[in-house]
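Single-structure report; data block below.
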Amino acid sequence: MPGSFRHWFAALRARLSLPLLGKELTETGCAPAHVHPARGLCARALLIFGLTMPHRTFRWGDGANLPSTLLGLGRNLFEQLIVIQILGVILFQPALMCGRITQEKERDSLVLLFLTELRPWEIVLQKYVGGLVPMFSFLLIGLPLAGVAYAFGGLESHAIVLQVAGLLLLCLQLGALTLMCSAWCRSTVGALISSYVLAVVFYAGPPFARKLPGRG
C-alpha cells in the first residue's frame with residue numbers, strides 16, 4: 001500500500017510539474033529589458049499616469065479643489081486607469097505572445113517538444129499560460145492606483161469587479177488569438193502582424209458592421 005501511494009504521488013507530481021511553463025517563466029524573467037520592451041513600456045505608462053494623477057487632481061494654487069470637492073472623483077480616475085490598461089493590453093499582448101510557438105519553430109526545437117511526454121494540448125496550454133503571466137503582472141501594477149481612486153469615493157466595488165473581469169477576459173481572448181497566429185505562422189514577425197490584423201477585425205469589425213447602411 002505505501003509503495004502504491006508513492007507511485008501515485010510521483011505520477012501526480014510529474015503531471016503537475018508543468019516543466020514547459022517553468023521554462024517559459026524562467027526565460028521571460030531572465031530576459032534583459034531590450035528583449036521584451038513591451039513589459040517596460042507597460043510599466044512606464046502606468047508610472048506616468050500615477051505620477052501625473054496628483055498633479056491633475058490636486059490644484060491647490062487656485063483654491064478650486066478643496067478637500068470636500070475632491071470627494072467623488074474616484075470614478076473618473078478609475079476610468080482613466082482602465083482606458084490605459086485596455087490600450088496596454090491591446091498594444092502589447094500580441095507582442096508578448098506572438099513568439100511563443102514561432103520561436104520554437106525558428107530554433108527547430110518544436111519537434112523536440114513533440115518527442116517529450118507532453119501532449120499537444122499540454123504544450124499549448126503551458127505556452128498560453130506562460131504568455132499571459134507578463135500581462136497579468138501589468139494589470140497587478142494598476143491595483144494600487146485603483147485603490148487610490150477608490151479612496152476618493154464615487155466608485156462602487158461591483159464596478160471595480162466588472163472592469164477587472166472585463167480586462168481579464170480581454171487578456172484571455174487576445175492571448176488565445178495571438179497564440180493561434182503563433183501556431184499558424186512560420187515567423188514571429190508574421191505572427192505579430194497577423195495578430196494585430198485579426199484583433200482589428202475581431203474587435204472593430206462588429207461595431208463597424210452595425211454602422212453600415214441598412215443595419216439597425
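What you are looking at is a predicted structure, and each value in this text was computed from that prediction instead of being measured. Nothing fancy with the numbering, it's 1 onward along the sequence.
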Original post:
Measuring from R100:CZ to Q126:CD, what's the distance to the nearest 0.5 Å?
Top reply: 12.5 Å

Subject >> Pairwise distance CG(L96) to OG(S195) - rounded to 0.5 angstrom >> reply: 11.5 Å

Original post:
Side chains of L87 and I84: does their closest heavy-atom pair fall under 4.5 Å?
Top reply: no

**OP:** Check F114 against I123 and note the closest heavy-atom contact, atom names and distance.
**Re:** CD2-CD1, 4.0 Å

Original post:
Under the 3.5 angstrom rule, does the side chain of Y196 hit a backbone N or O of I90 as a donor-acceptor pair?
Top reply: no

**OP:** Output yes when a side-chain donor or acceptor of K127 lies under 3.5 Å from a complementary backbone atom of M97, and no otherwise.
**Re:** no

Subject >> Sidechain-backbone polar pair: S109 side chain, L112 backbone, donor-acceptor under 3.5 Å >> reply: no

**OP:** Give the cluster check for V124 versus M135: same hydrophobic cluster or not, with ILVMFWY residues linked at side-chain heavy-atom distances below 4.5 Å.
**Re:** yes

**OP:** Indicate the atoms forming the closest heavy-atom contact of T102 with S187, along with that distance.
**Re:** CG2-O, 3.5 Å

**OP:** Verify the neighbour count for atom OH of Y128: are there more than 12 heavy atoms of other residues, nucleotides or ligands below 6.0 Å?
**Re:** yes

Subject >> Inter-residue atom distance L125.CG - R119.CZ, 0.5 Å rounding >> reply: 12.5 Å

Subject >> Straight-line distance of E122 CD to L113 CG, nearest 0.5 Å >> reply: 12.0 Å

**OP:** Group every Ile, Leu, Val, Met, Phe, Trp and Tyr by side-chain heavy-atom contacts under 4.5 Å, then state whether L162 and Y150 land in the same group.
**Re:** no

**OP:** State yes or no: do L177 and L91 share one hydrophobic cluster built from I, L, V, M, F, W and Y residues joined by side-chain heavy-atom distances below 4.5 Å, directly or via other members?
**Re:** yes

Original post:
Just wondering, do L168 and L139 contact through their side chains at under 4.5 Å, heavy atoms?
Top reply: yes

Subject >> Pairs where residues 133-157 contributes a residue and the test salt bridge (Lys or Arg N to Asp or Glu O under 4.0 Å) is met, not counting sequence neighbours >> reply: R75-E156

Subject >> Student check: side-chain heavy atoms of V111 and E104 closer than 4.5 Å >> reply: no

**OP:** Specify the closest pair of heavy atoms between S182 and A191, including all atoms of both residues, with the distance to one decimal.
**Re:** CA-CB, 3.8 Å

Original post:
Which heavy atom of F136 sits nearest a heavy atom of L172, and at what distance?
Top reply: CZ-CD2, 4.3 Å

Original post:
Do you know the tightest heavy-atom contact between A146 and L81?
Top reply: N-CD2, 3.6 Å

Subject >> Distance in Å, C181 SG paired with I193 CD1, rounded so as to fall on 0.5 Å steps >> reply: 11.0 Å

Original post:
Under the 4.5 Å side-chain heavy-atom rule for ILVMFWY, direct or indirect, which residues accompany L169?
Top reply: none

Original post:
Does L132 share a hydrophobic cluster with L143, counting links as ILVMFWY side-chain heavy atoms below 4.5 Å and allowing steps through other members?
Top reply: no

Subject >> ILVMFWY network linking F78 to I86, side-chain heavy atoms under 4.5 angstrom >> reply: yes

**OP:** Report yes if some heavy atom in the side chain of F202 is under 4.5 Å from a heavy atom in the side chain of L174; otherwise report no.
**Re:** no

**OP:** Please name the pair of heavy atoms, one in R186 and one in E106, separated by the smallest distance, quoted to 0.1 Å.
**Re:** O-CG, 4.1 Å

Original post:
Out of L179, T188, V189, which residue meets the side-chain contact (heavy atoms from CB on, under 4.5 Å) rule with C98?
Top reply: T188

